[in-house]
Amino acid sequence: MARLWAHPRCVLAEAKKLGAEERQQRAVREEQERAERRGYARQEAALAERRARTDPDRGALAWHSARLPGIDQAIAQVAARYLGRMRVTVGWSVGDSRYACGVPLVNENGTLLGVFDPLPQAGPCPAFLLDVDLPLLFPTEERREHFEQYRAISERVRAANQSPDLE
């Protein structure tokens, strides 16, 4: 019977290397999953906006939302992200629950570019806002801080629900 001997340092180095490779692969998988969720979330937003634009009553709601305090600054911030190359307006899909009572900001094609003033609610933060990876803009720093606390809690709950059971 042949025996193979390895120095303990070599065994530890190999274990560290394998652990690092596993962490890297896990990080790549997680980023792919986030990118997939981002893509689905943006497709959902585009569909919601197209549907809303077929409802004439939604135009009045969008018009009213365009007059909210702070919305002009939010629109300007989003437009500046795109170097002023596109027109940013209030989306007709305002009131959709995926925006957590916030106001969607869209381009002329209805593509979601940001959400203005989403509000913390009694339930968890909509997964949509966690996935979409677009700017969330607020009229005050206090509102932003309150929402960030709410989002952090929602992300912890989501992570706990997605992690495999440890038995």
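What you see below is based on every heavy atom in this structure, not just the backbone, and it leaves out hydrogens, waters and symmetry mates. Positions are given from 1 along the sequence.
- Each of E30, Q24, E22 was scored for a side-chain hydrogen bond (donor to acceptor under 3.5 Å, both in side chains) with R26, with one residue passing: E22.
- No side-chain heavy atom of V106 sits less than 4.5 Å from a side-chain heavy atom of R87.
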**Request:** Might you work through the side chain to side chain contact (heavy atoms under 4.5 Å, CB included) test for F147 and L136, ending with a clear yes or no?
**Result:** CA-CA 10 Å; F147 185 83; L136 303 177; 3.5 Å; yes

**Item:** Residues R98, E44; criterion side chain to side chain contact (heavy atoms under 4.5 Å, CB included); working and verdict
**Value:** CA-CA 9 Å; R98 79 187 79 235; E44 286 179 24; 2.9 Å; yes

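- Between D55 atom CG and S93 atom OG the span is 11.5 Å, to the nearest 0.5 Å.
- No side-chain donor-acceptor contact under 3.5 Å links R81 to the backbone of Q77.
- Minimum heavy-atom separation, D72 to A66: OD1-O, 4.3 Å.
- For CZ of R67, the number of neighbouring non-hydrogen atoms (other residues, nucleotides, ligands) closer than 6.0 Å is greater than 12.
- No donor-acceptor pair closer than 3.5 Å links the side chain of R144 to the backbone N or O of F138.
- With a 4.5 Å cut-off on side-chain heavy atoms, P104 and Y99 count as touching.
- No donor-acceptor distance shorter than 3.5 angstrom exists from the side chain of E49 to the backbone of G110, with no hydrogens or angles considered.
- Within 6.0 Å of CD on E142 lie no more than 12 heavy atoms contributed by other residues, nucleotides or ligands.
- W92 and R58 make their closest contact through O-NH1, 3.3 Å (heavy atoms, listed as atom of the first residue, atom of the second, distance).
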**Request:** Report the C-alpha distance between E36 and E33 in whole Å, list the side-chain angles of each, state the deciding distance to 0.1 Å, and finish with yes or no for side chain to side chain contact (heavy atoms under 4.5 Å, CB included).
**Result:** CA-CA 5 Å; E36 191 173 297; E33 290 169 4; 5.6 Å; no

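- Under the 4.5 Å side-chain criterion, counting only non-hydrogen atoms from C-beta, L47 is in contact with R51.
- Other members of the hydrophobic cluster containing L61, listed by chain and number, are L68, I71, I75, V78, Y82, M86, V88, V90, V94, V103, L105, L113, F116, L137; membership follows side-chain contacts under 4.5 Å among ILVMFWY residues, whether direct or relayed.
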**Request:** Could you give me the CA-CA distance, side-chain angles and deciding distance for H146 and R143, then say whether side chain to side chain contact (heavy atoms under 4.5 Å, CB included) is met?
**Result:** CA-CA 5 Å; H146 187 72; R143 294 283 279 267; 5.7 Å; no

